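Below is one structure, written out as structure tokens; the observations come after it.
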Amino acid sequence: MTRHFLDLATAGREGLRAMLDEAHRRKAARAGQPKGRVDGDAPLAGHVLASIFEKPSTRTRVSFDMAMRQLGGSAMVLSSQDMQLGRGESIADTARVLSRYVDAIMLRCAAHDTVEELARYASVPVINGLTDLSHPCQIMADIMTVEERLGRPVTGTRWAWLGDGNNVLHSIIEAGSLLGFDVLAATPQNYEPDSGIVACAQARGGHLDLVRDAQAAVDAADVVVTDTWVSMGQDGGAEKVKAMMPYQVTPELMARAAGDAVFLHCLPAHRGEEVLDSVMDGPQSAVWDEAENRLHAQKAVLLWCLDKLG
Ligand code: CP
Ligand code: NVA
């Protein structure tokens, strides 16, 4: 059966753990080497990934391209606007055609249904590179970063989310319920996470608290995480910014978290809005490691999708 990576639950607890272990292992094995050097075993030699973007990207675009190069394969980056997809060719027909040319497809799009439909008609693995609903690749990198910084497995840690109840939070909630870490999400009223995602995580036995008070969320947290207040395709506006202000990540808020707490942000950051410079550039910030780990985590995702994991 074709293995798609549309959400974290698709891979299940064991699949996620295997990918995370592989990501740590491959990162360590190539430490200090030039970034374009192919990993010794070149596990994806001869394989090609097509990355399709309906929305802008810096990290996802470059990290998937580099991931394929390091695994011995290659990648092509496409904008949906430059494809016939942009002028009405169906997702299903695009999936059928691309499956004849490439070995895997990564898609960043608005509607989650689009990536699901692509997967339904593709005969090669499809990877979710962010939708309005979720961002699973990001959370693989986030977990990897937390494990590196804390020096222990993510299971049993306590994560505090501050701000908008968005796609990144949804994948954190899903990951928490699969891998057994606590999520305390502080959001303003009307900006809570999707109720379907919350219900699924709770049904799985995940420890999830939805709160209003930012301070209560960060108390003794091992991880403090936020994201832009206005995601791609959303309307911002003064009203939303005003509602989000109490959730800004400040040094005072960080001081309430555990002494060795890690600050994460998927980037791009809006310094002075969701986070202050002193936190972004401070000693607890792991945002650059987190960005780097997109590369290492996605190599493991690609290997899992193509059934090449250990
Ligand atoms: N974090 C993230 O997905 O970044 P890009 O939008 O730059 O890909
Ligand atoms: N929530 C953000 C994440 C960007 C990587 C967005 O969807 O724009």
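Model, not experiment: these values are computed from the prediction. Numbering of residues begins at 1 and proceeds along the displayed sequence. Counting starts at 1 for both ligands and their atoms, in listed order.
- The N/O atoms of T60, backbone and side chain alike, include one that comes under 3.5 Å of an N/O atom in ligand 1.
- Of all atoms in ligand 1, numbered sequentially from 1 with element shown, those under 4.0 Å from a heavy atom of C266 are 1 (N).
- Ion pair R271/D277 flagged as a salt bridge, since at least one NZ, NE, NH1 or NH2 atom sits closer than 4.0 Å to an Asp/Glu carboxylate oxygen.
- Close N/O approach between H135 and ligand 2 is not found [any backbone or side-chain N/O within under 3.5 Å].
- By the criterion of a heavy-atom distance under 4.0 Å, neither the backbone nor the side chain of L130 is placed next to ligand 1.
- Between the side chains of S63 and R294, no donor-acceptor pair of N or O atoms lies under 3.5 Å.
- Using a 4.0 Å cut-off to heavy atoms of H135, the atoms of ligand 1 that qualify are 2 (C), 3 (O).
- When only interatomic distances are considered, the shortest N/O to N/O separation between T228 and ligand 2 does not fall below 3.5 Å.
- One side chain, T228 or H270, offers a donor N or O that lies under 3.5 Å from an acceptor on the other.
- At the shortest separation from atom 4 (O) of ligand 1 among protein heavy atoms lies R59 NE, 2.8 Å.
- Partner of D132 under the side-chain contact (heavy atoms from CB on, under 4.5 Å) criterion, out of Q234, K55, H112: K55 alone.
- Within the cation-pi definition used here (under 6.0 Å to the ring centroid, within 45° of the axis), R61 qualifies as a partner of F53.
- Between the side chains of R30 and Q33, no donor-acceptor pair of N or O atoms lies under 3.5 Å.
- The side-chain contact (heavy atoms from CB on, under 4.5 Å) test applied to D142 returns Q138, I139, W159, L264, E290, not counting sequence neighbours.
- Residue contacts with ligand 2, taken as heavy atom pairs separated by less than 4.0 Å, involve L130 solely via side-chain atoms from C-beta onward.
- Using a 4.0 Å heavy-atom cutoff, L267 is listed among the residues neighbouring ligand 2.
- For ligand 1, the atoms lying closer than 4.0 Å to a non-hydrogen atom of T58 are 5 (P), 7 (O), 8 (O).
- Interatomic distance, L150 CG to T145 OG1, rounded to the nearest 0.5 Å: 10.5 Å.
- Set against the non-hydrogen atoms of L267, the atoms of ligand 1 under 4.0 Å away are 1 (N), 2 (C), 4 (O).
- Between I127 and V115, the shortest heavy-atom contact is O-CG2, 4.3 Å.
- The protein heavy-atom contact nearest to atom 2 (C) of ligand 1 is R294 NH1, 3.3 Å.
- The atoms of ligand 2 that sit less than 4.0 Å from any heavy atom of D227 are 1 (N), 2 (C), 3 (C).
- From the protein, the heavy atom lying nearest to atom 8 (O) of ligand 2 is M232 N, 2.8 Å.
- Nearest protein heavy-atom contact of atom 7 (O) of ligand 2 is N167 ND2, 2.9 Å.
- Of all atoms in ligand 1, listed by their number and element, those nearer than 4.0 Å to a heavy atom of R108 are 2 (C), 3 (O), 5 (P), 6 (O), 8 (O).
- Of all heavy-atom pairs between A221 and A257, the closest is O-CB, 3.5 Å.
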